[in-house]
Amino acid sequence: MSHKGLQGGHYRPLSCEQVESLHAAALSVLEKTGFSYEAGLDETLEMMEEFGMRVDREDSRIYFPREQLMELVSKAPKRVVLYSRDGKNDLYLEDDRVYLGTGGAAIKILDLETGEARHTTLQDLYNLGRLVDQLDNIHFFLRPCIPKDIPEALYDENVFYACLKSTAKHVMAGVNDFDGFHKMMDIASMVAGDLENLKARPFVSVIASFAISPMRLCTHSTRIMLEAVRHQIPVALSCAPMAGVSSPITMAGTLVQTHAEQLAGIAICQMIQPGAAVLYGGIPGRANLWNLGYQGGSVECGMMNAAIHQLADHIKVPNYNSSGLTDAKIPDAQAGWEKAMTTMLAAMGGSNYVHHAAGMLNCMITVAHEQFVIDDEIIGLSCKVLAGIPTDPEHLALDVIDDAARGADFIKS
Amino acid sequence: MSDFVQIAENLAAGNKPRVRELVQLALDQGESAKKILDEGLMKGMGIVGGMMEREEIMIPEVLDVAQFMSHVINEMLKPLLLEGDMNPYGKVVFATVQGDVHDIGKNLVIMMLEGAGFQVIDLGIDVPPETIVESIRENQPNMLGLSALLTTTMPMIKTTIDHVIDSGLRDQIKILVGGAPVDQEFADEVGADGYAPDASSATQLAKSLAN
């Protein structure tokens, strides 16, 4: 049986006081340091000024006064529902309810016949969707790989088509541009019957990596993020600083910066459409300081991803983050323990929408069919922990103890 | 006769005051600035590169040594160096390709190349193919370095190389590619001259291609 949507929150690395102090620190960063921005965001800057943000065009910097900022942030819904196509795997993202699934944009797959890493194809994406559709513990399908066998300009429509065709679970992906977003909308509307049906029960959603850490607005992704908001498609506001290179080496510093980036992104979305369905997408990561690789399997990543949920919960916005990453290149012992550790911590932390949790290897470069199956088990067991230990009379089993102590046995009873 | 090995080894060990003393001593003994640079400091950076490759030294320490070396060059040697002494291996134009804003790895490679004696023209992030071609025309480098971190922006490396070919400049330059998702197979596919998995081997590769 699948334990999806259970309440986590058993593991809280930050005390209430620490949550308050990190939140206050993030507000102060937004007031004093603010965001820099890339060219091409003139309209967005004007809108931000109308909502009380201070834009210094000479220095290309936006400052966020805390009252106006939090007023906007408070408009974001505390619950976001990401629907499945068949209604069997709807995701009610709120509080400490936990769902885990796939993620990434891998370009290699361990070939089923040879075991060698080779380029991923559109057929692989479809096959993985079919596999995930059958794996009960994987709660959603965020496209885990890129179709390297078709031209880049055709990625968006083909990715969404392959995903929607292969599974009825919720589908999420990034889009390359405006055009890709609208092609996705066309396909999803067709599947839904019409656009209104799609907006009423969005079974697709998008990711927008709107921030370049540290504290910089990316024009391209910000525009995609706001386009999704305008069209009432839920959007995950991804930002993924690596402690040591794009955020401070300390966990606290990385959490403050990530939280500040998220507060800004959420506020901007709410300017376009108050009540817009957004996911707090802070993914605190860590650099391997021997080579600057992404050390997603470190225990600190597990700890920080639990802590970031506490910060998202503090402002009452459901969160999107990661677990199950590893730099192991094949499904080996290292992959096993790094995944089990970070996925268990994410689940116990109460993160709402945990992607990357199945299938990933080799710092997000590679996926493997067998890894999805192994990770389905890891997710299932991590969620089982959340179910806790029932202690009602039946589970106390006093009669069974009594009978056995009087000569019956446990195996037959 | 000055002890260049001492300079190199002390630099690699991060003994900053000792390096300054030894460089000053060598200058006092009448050694040329170029020789101190080539046989002392750059050899030292070479040792650091090897340590980095073997994961015996962490990246922040590498950066610290490189920054220190550039201080020593600027403060103690530069006035004594001739045009060309600093960059025996020539010029490299570097860019993170269009659509990609990640530059930490690229910057690390640039720093190592500068430490090894290349002149680097860094065009930054999200650089359109046209800008790269223009810079090649203007600066006449002997090498081009292209980087991408995202699996979704990797194809832009090929687009950029194709643009260089179309502009008729391909034969003048060697092209190096890198970035987390890039590998030798990809480098071969897109028609690059070389690929390196990390900053230290990128330096070795660049040197071998320069010769």
Legend entry - B:T160 side chain to B:Q98 side chain, donor-acceptor N/O pair below 3.5 angstrom: no
Legend entry - Donor on one side chain, acceptor on other, B:E55 and A:N291, under 3.5 Å: yes
Inset, instruction - Flag the pair A:K148 and B:E189 as a salt bridge only when some basic side-chain nitrogen lies within less than 4.0 angstrom of an acidic carboxylate oxygen. - result: no
Inset, instruction - State plainly whether the residues B:R18 and B:E21 are in salt-bridge range, i.e. N to O under 4.0 Å. - result: yes
Heavy-atom distance under 4.5 Å to chain A: side chain of [X], backbone, both or neither?
| X | answer |
| --- | --- |
| B:I57 | backbone |
| B:D183 | side chain |
| B:E53 | neither |

Inset, instruction - Could you check which of A:I146, A:I365, A:L292 has the highest count of heavy-atom pairs closer than 4.5 Å to chain B? - result: A:L292
Inset, instruction - Identify which of A:M364, A:E38, A:H119 forms the greatest number of heavy-atom pairs closer than 4.5 Å to chain B. - result: A:H119
Inset, instruction - To the nearest 0.5 angstrom, please state how far the CG atom of A:N176 sits from the CD atom of A:E152. - result: 5.5 Å
Legend entry - Proximal component of A:Y294, with respect to chain B [non-hydrogen, under 4.5 Å]: neither
